[in-house]
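Everything below concerns the one structure shown next.
Because the structure is a prediction, the values reported are computed rather than measured.
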Amino acid sequence: QVQLAESGGGSVQSGGSLTLSCTMSRLIWSTYSVGWFRQVPGKEREGVSAIDSTDLTTYAASVKGRFTIYQDNAKNRVYLQMNAVKPEDTAMYYCAADEGDMPALASNQYGYWGQGTQVTVSP
């Protein structure tokens, strides 16, 4: 079993920056992928970015050029650096993980999820 815990959410003004962290309790796979997703009440969960164990990354078009995903293997941690944030980035952000090198933005590719951290961007 792998447990995920997100942190780093909060309130920020439009144009500001925020860094989210996803800590995995342990790495049990030789290859893996970790994704960041976000969800607004009443809307479907949206894939934001993902990274795999080879450091291959992928981004949603809406965040490309503003968000950066990276990892610290020694700490079993994946980060989402959010720059130039916009009010439309406001959402609950979740990290997810599963075995395999497949940095996908589809939520059905991941079997392990954290509880989420709220990000609120004010105009």
Side-chain angles (χ1 to χ4, degrees):
Q1 280 282 15
V2 176
Q3 293 180 324
L4 306 176
E6 302 93 340
S7 62
S11 297
V12 61
Q13 287 191 325
S14 182
S17 297
L18 206 61
T19 299
L20 306 183
S21 298
C22 173
T23 302
M24 295 178 279
S25 57
R26 55 182 178 143
L27 266 177
I28 58 175
W29 310 298
S30 58
T31 63
Y32 61 88
S33 293
V34 177
W36 281 99
F37 294 80
R38 63 188 182 187
Q39 190 168 24
V40 174
K43 292 190 177 181
E44 289 191 1
R45 191 166 293 188
E46 173 192 16
V48 175
S49 183
I51 189 168
D52 72 12
S53 50
T54 70
D55 280 333
L56 184 65
T57 60
T58 188
Y59 296 91
S62 58
V63 306
K64 200 167 188 178
R66 298 189 298 122
F67 291 9
T68 301
I69 190 171
Y70 60 100
Q71 61 188 327
D72 182 338
N73 292 329
K75 297 182 179 179
N76 289 350
R77 201 169 286 171
V78 173
Y79 300 92
L80 184 69
Q81 172 71 42
M82 305 167 62
N83 295 329
V85 295
K86 304 174 182 179
E88 51 263 45
D89 294 321
T90 295
M92 183 71 79
Y93 282 72
Y94 300 88
C95 68
D98 216 317
E99 185 176 11
D101 285 329
M102 45 159 194
L105 298 182
S107 59
N108 60 7
Q109 297 296 311
Y110 298 91
Y112 299 88
W113 290 81
Q115 294 299 308
T117 185
Q118 178 67 38
V119 172
T120 302
V121 182
S122 57

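Nearest approach of A96 to F37, heavy atoms of both residues: CB-CE1, 4.1 Å. Scanning all heavy atoms of the two residues, the minimum distance from A50 to P103 falls at CB-C, 3.6 Å. Between L105 and V48 the shortest heavy-atom distance is CD2-C, 3.9 Å. Listed here is the closest heavy atom pair of V85 and V12: CG2-CG1, 3.7 Å. Scanning all heavy atoms of the two residues, the minimum distance from P87 to P123 falls at CG-CA, 4.1 Å.
Within the structure, the side-chain hydrogen bond (donor to acceptor under 3.5 Å, both in side chains) test picks out the following pairs touching residues 95-114 (sequence neighbours left out): S53-D101.
Both M82 and V78 sit in one connected hydrophobic cluster of ILVMFWY residues. Membership requires side-chain heavy atoms under 4.5 Å apart, directly or through other members. In the hydrophobic clustering of this structure, Y79 does not group with W36; members are Ile, Leu, Val, Met, Phe, Trp, Tyr whose side-chain heavy atoms approach within less than 4.5 Å, directly or through other members. The cluster map of Ile, Leu, Val, Met, Phe, Trp and Tyr, joined by side-chain heavy atoms under 4.5 Å apart, puts L18 and V121 in the same cluster. Follow the hydrophobic side-chain contacts under 4.5 Å out from Y70 and you never reach F67; the two are in separate clusters. Under a hydrophobic-cluster definition in which Ile, Leu, Val, Met, Phe, Trp and Tyr are linked whenever side-chain heavy atoms come within less than 4.5 Å, directly or via other members, W29 and L4 are assigned to the same cluster.
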Applying side-chain contact (heavy atoms from CB on, under 4.5 Å) to K75 and S21, what does each step give before you reach the verdict?
CA-CA 11 Å; K75 297 182 179 179; S21 298; over 6 Å; no
side-chain contact (heavy atoms from CB on, under 4.5 Å) between D89 and R66: does it pass, once the steps are laid out?
CA-CA 11 Å; D89 294 321; R66 298 189 298 122; 2.8 Å; yes
Between V63 and R38, does the side-chain contact (heavy atoms from CB on, under 4.5 Å) criterion hold? Intermediate values first, please.
CA-CA 12 Å; V63 306; R38 63 188 182 187; 4.0 Å; yes
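Scanning for side chain to side chain donor-acceptor pair (under 3.5 Å) contacts around S17 gives N83, with sequence neighbours left out. The side chain to side chain donor-acceptor pair (under 3.5 Å) check on T54 picks up D52, with sequence neighbours excluded.
Between S122 and Q13, the side chains place no donor N or O within less than 3.5 Å of an acceptor N or O (distance only, hydrogens not considered).
A donor-acceptor pair under 3.5 Å is formed between the side chain of R26 and the backbone N or O of Q1. Looking at E6, its side chain does come within 3.5 Å of a backbone N or O of C95 through a donor-acceptor pair. The main-chain N or O of S49 is never found under 3.5 Å from a side-chain atom of T58 such that the two would form a donor-acceptor pair. Of the possible donor and acceptor atoms, one in the side chain of S33 sits under 3.5 Å from a partner among the backbone N and O of G100.
In this structure, OH in Y93 is found 7.5 Å from CD in E46, a value given to the nearest 0.5 Å. Here the CG atom belonging to D55 is positioned 4.5 Å from the CD atom belonging to Q71, to the nearest 0.5 angstrom. Distance check, rounded to the nearest 0.5 Å: CD of Q81 to CD1 of I69 gives 12.0 Å. Atom CE of M24 sits about 13.0 Å away from atom CD of Q3, to the nearest 0.5 Å.
For Q118, the CD atom sits in a packed shell: over 12 heavy atoms of surrounding residues, nucleotides or ligands are nearer than 6.0 Å. For E88, the CD atom is densely surrounded, since the number of other residues' heavy atoms within 6.0 Å is greater than 12.
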